[in-house]
Amino acid sequence: MILTYEDVRKNEKINTYIRKADESLLAMGYTEHSFAHVTKVAQCAGMILRELGYSEREAENARIAGYMHDIGNVINRIDHAQSGAAMAFRLLETMGADAETIATIVTAIGNHDEATAFPVNPVAAALIIADKTDVTYTRVRNNDPSKFDIHDRVNYSVKKSTLNVDAEKGEIQARLRIDTSMCSVMDYFEIFLERMILCRKAADKLGVKFVLRINGQKLL
């Protein structure tokens with residue numbers, strides 16, 4: 001069976017795990033990790049590989065990995081990448097995916113969290129970049145700014161976030177517009193420097209450069 005992204009999106013078990021995982025993260029005070037996040041990550045991961053000339057199969061695997069990458073949070077936030085990879089293995093096998101597809105997707109999921117991440121293949125690299133650049137005020141669920149922690153404040157300060165691929169320049173370009181009355185550029189780097197370095201390593205795996213611009217200024 002040739003498994004598609006649409007097959008995965010329509011799978012009620014997978015959607016239940018995404019929903020329940022996000023409920024757990026909500027209880028712990030984390031930003032939104034539900035369908036808005038995983039759908040954006042899926043679309044961006046697929047776009048990265050497609051724009052860089054990878055096969056449609058690789059782009060489809062990146063979309064699937066992006067959609068499923070956070071299901072391990074239903075078990076625990078700690079080691080959720082590895083938990084999610086194990087869950088994805090069982091789910092994809094049950095859905096009839098071939099071993100090559102399963103191996104590629106679970107490897108990407110198991111290597112997406114910054115504590116243990118490494119861009120071991122193009123799908124993993126695309127997933128890392130798509131996931132780590134999804135920073136925006138819409139993911140903040142705390143409605144009281146007076147109670148924001150630094151993660152809430154940094155996310156809430158990002159009023160616009162775009163990710164583009166310029167294959168001619170050999171660049172993956174992340175552009176952020178930050179409200180500096182809420183958060184300074186240094187605050188952003190205090191929280192996300194590790195993620196941005198990881199994005200640079202992932203871009204290297206894809207043979208391109210990762211470029212970060214905040215309020216029009218090139219930072220990486």
Side-chain angles (χ1 to χ4, degrees), residues 1-26 30-77 80-113 117 119-136 138-141 161-165 172 174 202 206:
M1 173 184 176
I2 299 176
L3 188 70
T4 69
Y5 173 51
E6 285 304 312
D7 292 331
V8 170
R9 286 188 64 206
K10 293 175 181 177
N11 187 282
E12 188 50 41
K13 287 184 179 179
I14 293 171
N15 288 333
T16 297
Y17 295 142
I18 292 171
R19 185 166 55 250
K20 290 296 183 180
D22 187 55
E23 287 177 10
S24 294
L25 294 180
L26 172 61
Y30 283 87
T31 53
E32 179 270 325
H33 282 71
S34 190
F35 295 103
H37 171 61
V38 300
T39 300
K40 182 176 180 180
V41 171
Q43 292 171 343
C44 286
M47 178 273 294
I48 288 168
L49 294 191
R50 187 179 64 251
E51 292 295 323
L52 290 178
Y54 286 85
S55 70
E56 181 54 33
R57 181 66 257 169
E58 289 169 299
E60 191 79 337
N61 287 343
R63 286 187 280 268
I64 294 169
Y67 194 76
M68 298 180 72
H69 77 281
D70 271 340
I71 59 174
N73 285 304
V74 78
I75 296 174
N76 199 291
R77 180 62 177 172
H80 76 279
Q82 290 74 34
S83 301
M87 292 173 65
F89 177 88
R90 182 67 178 269
L91 287 161
L92 296 173
E93 189 174 51
T94 300
M95 293 175 72
D98 62 272
E100 184 74 21
T101 296
I102 294 172
T104 300
I105 292 168
V106 300
T107 297
I109 293 172
N111 281 279
H112 86 271
D113 184 61
V120 293
N121 59 39
V123 172
L127 172 58
I128 286 169
I129 296 169
D131 182 39
K132 304 314 171 193
T133 57
D134 185 20
V135 182
T136 179
T138 58
R139 296 188 65 196
V140 177
R141 297 191 277 203
S161 174
T162 60
L163 186 69
N164 299 295
V165 175
I172 295 175
L206 297 171

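In this chain, numbering begins with 1 at the start of the sequence shown.
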List, one per line, each side-chain donor-acceptor pair under 3.5 Å for residues 97-106, sequence neighbours excluded.
from	atom 1	to	atom 2	distance (Å)
Asp98	OD1	Thr101	OG1	2.9
Asp98	OD2	Glu100	N	3.1
Asp98	OD2	Thr101	N	3.0
Asp98	OD2	Thr101	OG1	3.3
Thr104	OG1	Glu100	O	2.9

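Just one residue in the list Glu58, Glu6, Glu56 forms a salt bridge (charged side-chain N to carboxylate O under 4.0 Å, His left out) with Arg63, and that residue is Glu56.
Residues satisfying the side-chain contact (heavy atoms from CB on, under 4.5 Å) criterion with Arg139, sequence neighbours excluded, are Thr31, Glu32, His33, His37, Asp134, Thr136. With sequence neighbours left out, the side-chain contact (heavy atoms from CB on, under 4.5 Å) criterion links Val74 to Lys20, Ala21, Met87.
To the nearest 0.5 Å, atom OG of residue Ser34 and atom CG of residue Asn73 are 11.5 Å apart. Taking CG of Asp7 as the reference point, atom CG of Asn11 lies at 9.0 Å (rounded to 0.5 Å). Going from atom CD1 of Ile64 over to atom OG1 of Thr4 covers 6.5 Å, rounded to the nearest 0.5 Å. Separating the CD1 atom in Ile129 from the NE2 atom in His112 is a distance of 14.5 Å, to the nearest 0.5 Å.
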Run the side chain to side chain contact (heavy atoms under 4.5 Å, CB included) test on Ile172 and Thr133 for me, step by step, so that the C-alpha distance in whole Å, both residues' side-chain angles and the decisive distance to 0.1 Å come before the verdict. CA-CA 11 Å; Ile172 295 175; Thr133 57; over 6 Å; no
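By the 6.0 Å contact criterion, OH on Tyr54 is enclosed, its count of non-hydrogen atoms from other residues, nucleotides or ligands being greater than 12. Remark: Arg57 CZ is packed, more than 12 non-hydrogen atoms of other residues, nucleotides or ligands lying under 6.0 Å away.
Between Tyr5 and Tyr67, the two ring planes are perpendicular [angle over 60°; tilted spans 30° to 60°].
A donor and an acceptor atom, one from each side chain of Arg19 and Asn15, are nowhere located under 3.5 Å apart. Side-chain contact annotation: Thr16 with Glu12, donor-acceptor N/O pair under 3.5 Å present.
A donor-acceptor pair is defined here as one N or O able to donate and one able to accept, closer than 3.5 Å; no such pair exists between the side chain of Asp131 and the backbone of Leu127. A side-chain donor-acceptor contact under 3.5 Å links Arg141 to the backbone of Tyr30.
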